[in-house]
Trainee: 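Okay, here's the structure, questions in a sec.
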Amino acid sequence: MTRPTRIRDAYQECERITREQARNFSYGIRLLPGPKRRALSAVYAFARRVDDIGDGDLPSEDKLRELKQCREAVQQASIGSADPVLAALADAASRMPLPMEAFDGLIDGCEADVRGTSYASFDELLHYCRCVAGTIGRLSLGVFGTDDPDTATERADALGVALQLTNILRDVREDQLNGRVYLPAADLAHFGVRLEPGSGFVEDTARWNRLVRFQAARAERWYIEGFRLLPMLDRRSRACCASMAGIYHELLVRIATNPSAAMHQRTSLSGWRKAGVAARSLAGMTP
């Protein structure tokens with residue numbers, strides 16, 4: 001198999017992973033021109049691999065060992081790799097200014113998940129958000145491109161934080177059942193809410209609703225800063241970013257509207273609703 005054919009097949013595998021597993025991001029990625037779409041699919045495919053290790057059923061020590069292997073593999077990624085995801089990622093990095101060191105932060109965050117790290121304050125949670133989502137924002141910016149990378153990087157980081165804070169509220173019940181509580185202990189105490197890993201519902205719905213709306217308002221402030229990235233991108237990249245962020249922003253609005261639902265089921269949007277957000281983004285309508 002020739003090198004161009006092998007790389008083409010590697011990108012196709014990354015696009016397949018993205019299409020099948022990126023339930024929210026795929027709507028935005030589709031709006032990119034081919035080279036950027038393929039590169040961002042490679043970024044997503046590797047990030048998904050890391051996430052799958054953290055969320056898998058292996059014992060913690062085995063997960064940490066596999067995450068260490070991922071860290072070493074991405075540092076040594078080459079176009080000649082037999083692993084299609086690593087080959088595609090290396091090819092993308094040879095064509096675009098991808099900050100490959102950002103994957104270290106992603107893996108750091110996943111290791112924190114495996115160890116069951118909890119967060120006493122929002123500052124501690126913010127560091128985690130920047131590890132697992134801000135890094136993806138910065139990698140995505142490497143694909144999108146910008147004339148002012150310093151300012152754009154700060155805004156991409158902010159948008160990543162906003163998306164991760166939304167994720168935390170969306171998945172709060174599922175995470176709790178899996179033994180993870182991300183909401184800062186200081187905030188739980190302030191609102192008088194007890195949220196123990198593993199089981200147990202919140203006893204006081206009114207307190208829970210106030211806590212969730214407080215967290216949603218905090219996330220909204222990060223969205224406001226993150227959305228300032230959009231005018232700094234070209235039209236197709238702006239549409240992609242606006243679509244992905246817009247879907248999560250709509251989730252946040254729904255959660256804030258009905259906070260108690262988050263303790264019983266995962267808030268989601270229909271495929272038609274996501275497609276509508278993507279269509280508006282392509283038409284130039286900001287979230």
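This chain uses plain numbering: 1 for the first residue, then up along the sequence.
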Trainee: So with a 6.0 Å cut-off around CZ of Arg16, is the heavy-atom count from everything else above 12?
Mentor: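 Above 12, so yes.
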
Trainee: Tell me if the CG atom of Asp147 is crowded by more than 12 foreign heavy atoms within 6.0 Å.
Mentor: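 Not buried by this count: 12 neighbours or fewer within 6.0 Å.
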
Trainee: Apply side chain to side chain contact (heavy atoms under 4.5 Å, CB included) to the pair Leu89 and Met100, showing each step before the final yes or no.
Mentor: CA-CA 9 Å; Leu89 196 54; Met100 296 290 280; 3.8 Å; yes

Trainee: Roughly how far apart are Asn209 CG and Asn258 CG, rounded to 0.5 Å?
Mentor: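 Rounded to the nearest 0.5 Å, the CG-CG separation comes to 7.5 Å.
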
Trainee: In a table with atom names and distances, give each donor-acceptor pair under 3.5 Å that connects a side chain of residues 110-120 to protein atoms at least two apart or in another chain.
Mentor:
{"from": "Glu111", "atom 1": "OE1", "to": "Arg71", "atom 2": "NH2", "distance (Å)": "3.2"}
{"from": "Glu111", "atom 1": "OE2", "to": "Arg71", "atom 2": "NH2", "distance (Å)": "3.3"}
{"from": "Asp113", "atom 1": "OD1", "to": "Tyr128", "atom 2": "OH", "distance (Å)": "3.0"}
{"from": "Asp113", "atom 1": "OD1", "to": "Tyr182", "atom 2": "OH", "distance (Å)": "2.8"}
{"from": "Asp113", "atom 1": "OD2", "to": "Tyr128", "atom 2": "OH", "distance (Å)": "3.0"}
{"from": "Thr117", "atom 1": "OG1", "to": "Ala112", "atom 2": "O", "distance (Å)": "3.1"}

Trainee: Kindly give the heavy-atom pair with the smallest separation between Pro84 and Ala10, and that separation in Å.
Mentor: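 Between these two residues, the closest heavy atoms are O-CB, 3.3 Å.
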
Trainee: Give me the atom names and distance for the closest heavy-atom approach of Ser243 to Leu31.
Mentor: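 Result for this residue pair: CB-CD1, 4.0 Å.
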
Trainee: Determine, for Arg210 against Asp204, whether the closest basic-nitrogen to carboxylate-oxygen distance falls under 4.0 angstrom.
Mentor: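 Between Asp204 and Arg210 there is no salt bridge, as every charged N stays at least 4.0 Å from the carboxylate O atoms.
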
Trainee: Taking atom CD1 of Ile136 and atom CE of Met244, what is their separation to the nearest 0.5 Å?
Mentor: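 Here the rounded value is 10.5 Å.
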
Trainee: Rounded to the nearest 0.5 Å, how far apart are CG of Leu183 and CG of Leu169?
Mentor: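 So the CG of Leu183 and the CG of Leu169 are separated by 6.5 Å.
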
Trainee: Decide yes or no for Glu174 and Arg180: does some side-chain heavy atom of the first lie under 4.5 Å from some side-chain heavy atom of the second?
Mentor: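 No, too far: nothing below the 4.5 Å cut-off.
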
Trainee: Please assess Ser41 against Ile17 for the test side chain to side chain contact (heavy atoms under 4.5 Å, CB included), listing each intermediate value before the final yes or no.
Mentor: CA-CA 8 Å; Ser41 294; Ile17 293 170; over 6 Å; no

Trainee: Taking all non-hydrogen atoms of both residues, which atom of Gly56 and which atom of Lys63 are closest, and how far apart?
Mentor: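 In terms of heavy atoms, the two residues are closest at O-NZ, 2.8 Å.
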
Trainee: Mind checking whether Ile168 and Leu125 have side chains closer than 4.5 Å, heavy atoms only?
Mentor: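 Yes, close enough: below the 4.5 Å cut-off.
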
Trainee: Strictly by ring-ring contact (aromatic ring centres under 6.0 Å, His included), give each pair with a member in residues 43-64 just once, sequence neighbours left out.
Mentor: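 Qualifying pairs, neighbours excluded: Phe46-Phe103.
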
Trainee: Indicate yes or no: at least one non-hydrogen side-chain atom of Gln75 is less than 4.5 angstrom from one of Asp104.
Mentor: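 Side-chain contact under 4.5 Å: yes.
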
Trainee: Can a donor-acceptor pair be found, under 3.5 Å and without considering hydrogens, that links the side chain of Arg170 to the backbone of Ile255?
Mentor: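 A pair under 3.5 Å: no.
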
Trainee: Show the nearest heavy-atom pair for residues Leu233 and Cys241, with the distance to one decimal.
Mentor: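 Taking Leu233 first and Cys241 second, the nearest heavy atoms are CD1-CB, 3.9 Å.
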
Trainee: Going by an N to O cut-off under 4.0 Å, is there a salt bridge joining Arg65 and Asp62?
Mentor: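 A salt bridge links Arg65 with Asp62.
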
Trainee: Out of curiosity, Asp157 CG to Arg138 CZ, how far, rounded to the nearest 0.5 Å?
Mentor: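 Spacing of CG (Asp157) from CZ (Arg138) equals 5.0 Å.
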
Trainee: Out of curiosity, Leu251 CG to Asn167 CG, how far, rounded to the nearest 0.5 Å?
Mentor: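 One gets 8.5 Å once the value is rounded to the nearest 0.5 Å.
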
Trainee: Looking at Ser237 and Leu32, what are the two nearest heavy atoms and their distance?
Mentor: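 Heavy atoms only, the tightest pair is CA-CD2, 3.8 Å.
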
Trainee: Given the rule in the side chain to side chain contact (heavy atoms under 4.5 Å, CB included) test, do Cys131 and His127 qualify, once you have shown the distances and angles that lead to the verdict?
Mentor: CA-CA 6 Å; Cys131 283; His127 174 74; 3.7 Å; yes

Trainee: Under the side chain to side chain contact (heavy atoms under 4.5 Å, CB included) criterion, do Thr153 and Leu141 qualify, and how do the steps go?
Mentor: CA-CA 7 Å; Thr153 295; Leu141 183 61; 3.6 Å; yes

Trainee: Kindly determine whether His190 and Phe214 satisfy ring-ring contact (aromatic ring centres under 6.0 Å, His included), including the steps that lead there.
Mentor: CA-CA 11 Å; His190 177 78; Phe214 171 81; 7.0 Å; no

Trainee: Measure the CZ-CD1 distance between Arg49 and Ile107 for me, rounded to the nearest 0.5 Å.
Mentor: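 Between atom CZ of Arg49 and atom CD1 of Ile107 there are 10.5 Å.
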
Trainee: Could you tabulate the donor-acceptor pairs under 3.5 Å formed by side-chain atoms of residues 158-166, not counting sequence neighbours?
Mentor:
{"from": "Thr166", "atom 1": "OG1", "to": "Ala162", "atom 2": "O", "distance (Å)": "2.9"}
{"from": "Thr166", "atom 1": "OG1", "to": "Tyr223", "atom 2": "OH", "distance (Å)": "2.8"}

Trainee: With a 3.5 Å distance limit and no angle check, can you tell me whether Arg38 reaches the backbone of Tyr11 through a side-chain donor-acceptor pair?
Mentor: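 Flag not set: sc Arg38 to bb Tyr11 has no pair under 3.5 Å.
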
Trainee: Can you name the nearest heavy-atom pair linking Val143 to Met96, along with the distance?
Mentor: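 Nearest pair, atom of Val143 first, then Met96: CA-SD, 3.9 Å.
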
Trainee: Main chain of Val193, side chain of Trp208: is a donor-acceptor contact present, judged purely on distance under 3.5 Å?
Mentor: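 Side chain of Trp208 to backbone of Val193: no pair is present.
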
Trainee: Do the non-hydrogen side-chain atoms of Val181 and Leu188 ever get within less than 4.5 Å of each other?
Mentor: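 Yes. Closest side-chain heavy atoms under 4.5 Å.
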
Trainee: Under 4.0 Å between a Lys/Arg side-chain N and an Asp/Glu carboxylate O for Arg228 and Glu225?
Mentor: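 A salt bridge is present here (some side-chain N lies under 4.0 Å from a carboxylate O).
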
Trainee: Quick one: are Asp234 and Lys36 in side-chain contact, heavy atoms under 4.5 Å?
Mentor: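 Yes; the side chains approach each other to less than 4.5 Å.
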
Trainee: Counting N and O atoms only, with roles assigned by atom type, does the side chain of Arg213 sit under 3.5 Å from a partner on the main chain of Ala256, one being a donor and the other an acceptor?
Mentor: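 Judged by distance alone, yes, a pair lies under 3.5 Å.
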
